[in-house]
Amino acid sequence: MSMVPVNEPLLSNQELEYVTECVRTGWISSAGKFIEEFEKKWSTYCGMQYGVAVTNGTAALELAVRCLDLEPGDEIILPTFTIISCAQAVIYNGGVPVLVDSDPRTWCMDVSKVESRITSRTRAIMPVHIYGHPVDMDPLLALAKKYNLSIIEDAAEVHGAEYLAGRNGLKPNWKRCGGIGDISTFSFYANKLITTGEGGMLLTNNSSYAEKLRSLRNLCFQPERRFYHREIGSNFRLTNMQAAIGLAQIERIDKIIARKRWMGKAYTERLQNIPGLQLPVEESWARQVYWMYGVVLDEDHGMDAFEFARRLKKEEIDTRPFFLGMHEQPVFLDRGLFKGENYPVAVRLAQQGLYIPSGLALSERQLEKVCEVVRKVLQ
Ligand SMILES: Cc1ncc(COP(=O)(O)O)c(C=O)c1O
């Protein structure tokens, strides 16, 4: 067997048929029926009223923060353990990212650490659902209410994951991730459960945010007069061809999620007895989708994730390292941000964590090989 790739997208004839329709009819740019259908289907699926498709998840985050009209120096609280897109969206908009450490079980932001980071300048909290597992949202919603803050929910990695909201009250109910905050953002990059190659979307129930987002993604053209502008916007338009690909996948999302959950459970069954190897969890209030199957190696093994990755690669298993925390990024330290701040859980995750092959095209044979090699390398 050759190298087991960390991710391979799984595309079907339906994508081909829809894209062919774009090519045949000439609707290849950012107008066309697939865009609207894609926005409508995805927002409905996630339980939100409005969807605004954009070029990628990074652009979605930038526009989500833009909606809040930050004053220079306003703060947004986010996890240190995430992709740089989150922190830079705050900085691009003149704000200050304020960090919290990760929960050692779910690797998502530790929600018990958020309140102590709230100041008079705090405007929003940006929870990021990590590697397929939801953030515990209820405590954040309570803080948002108490301090009048917005919630920007980054759901790039959790398409279709669910969260049991209100579980301490009388009416607990399951909600889809990306359907909980004031604004949520998605990425449809090729390694995501739903992919458009490159792509993203914002969801909201707020009609004025939706209107503003539509304008901002399209250079703030005015409806009353073309080439007349009152605001600076961006060209973050998704194409009809990309939306066509995404739409085809939404139509089979239940199968996609079932496949991911099969993979997650199969890995856990086979790897759970290896001492000193932490595996993904599924909290009782969460239905996770195993976007990427992460593992965290105990220091007792005498190696970090980079050495572990090298040994796996030698045996033809491809992996990717975990995120490096925002407080360890030279680009921010050079700007005087996060000086002297320490987030030990995130530091450990960055040193000891990686994810193993998790794509939708992963076969049972490949999965067995990954488990065999992991076991061999750690014995
Ligand atoms: C949590 C999270 N947010 C945002 C992004 C950015 O998305 P994109 O790569 O589409 O810009 C990613 C990318 O994978 C991500 O993992």
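As the structure lists them, so they are numbered: ligands from 1, and atoms in each ligand from 1.
The two residues Asp182 and Thr204 come nearest to each other via the heavy atoms O-OG1, 2.8 Å.
The existence of a salt bridge linking Arg348 and Asp101 is excluded, since no basic side-chain nitrogen approaches an acidic carboxylate oxygen closer than 4.0 Å.
Cluster partners of Met241 are Ile28, counting Ile, Leu, Val, Met, Phe, Trp and Tyr whose side-chain heavy atoms approach within less than 4.5 Å, directly or via other members. Members clustered with Tyr50: none, using a 4.5 Å side-chain heavy-atom cutoff among hydrophobic residues.
The ring pair (Phe, Tyr, Trp, His ring centres under 6.0 Å) analysis of residues 200-230, with sequence neighbours excluded, yields the pairs Phe221-Phe227, Phe221-His229.
Arg117 places a side-chain N or O within 3.5 Å of a backbone atom of Leu99 that can act as its donor or acceptor partner.
Under 4.0 Å from any atom of ligand 1, one finds heavy atoms of residues Asn56, Gly57, Thr58, Leu61, Ile83, Ser85, Val128, Asp154, Ala156, Glu157, Ser187, Lys192, Gly199.
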